**Student:** 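Just dropping this structure here.
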Amino acid sequence: MSDTPVKQQNTAAFYGQAVASFSVAMAATAIGIFKLNADAWVRAFLGIAVLYLVTSAFTLAKVIRDRQESAVRMYSPFEKL
């Protein structure tokens, strides 16, 4: 008897909520930076910083997911018995 891990699937509602939440957060941040009463170079710096933060957050999420998926497939000494 073998125990195969069941891959969890997210629902369409959960996916839609995540996309909507991300979109609202990015739009609010972009509007806030655009409306900021500061020089253009300050707004540009903040915009680049937000983009860097978003890309590094996506990378971190992917690395964590990959590490968790590889931990599931670790060899068990009693697997072949």
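Computed from a prediction, not measured in an experiment: that's the story for all the values here. Positions are given from 1 along the sequence.
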**Student:** How would you list all residue pairs meeting ring pair (Phe, Tyr, Trp, His ring centres under 6.0 Å) that involve residues 24-57, not counting sequence neighbours?
**Tutor:**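 Counting only pairs at least two positions apart or across chains, no ring pair (Phe, Tyr, Trp, His ring centres under 6.0 Å) contact touches residues 24-57.
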
**Student:** CG of Leu60 to CZ of Arg65: how many Å apart, nearest 0.5 Å?
**Tutor:**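 Separation between the atoms: 12.0 Å.
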
**Student:** Under 3.5 Å, which donor-acceptor pairs link side chains of residues 13-33 to any protein atom two or more places apart or in another chain?
**Tutor:**
| residue | atom | partner | partner atom | Å |
| --- | --- | --- | --- | --- |
| Ser23 | OG | Val19 | O | 2.8 |
| Thr29 | OG1 | Ala25 | O | 2.8 |

**Student:** Apply side-chain contact (heavy atoms from CB on, under 4.5 Å) to residues Val42 and Leu46 and explain how you reach the verdict.
**Tutor:** CA-CA 6 Å; Val42 173; Leu46 291 174; 4.3 Å; yes

**Student:** Do Leu53 and Val50 belong together in a cluster built from hydrophobic side chains that touch within less than 4.5 Å?
**Tutor:**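 In one cluster: no.
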
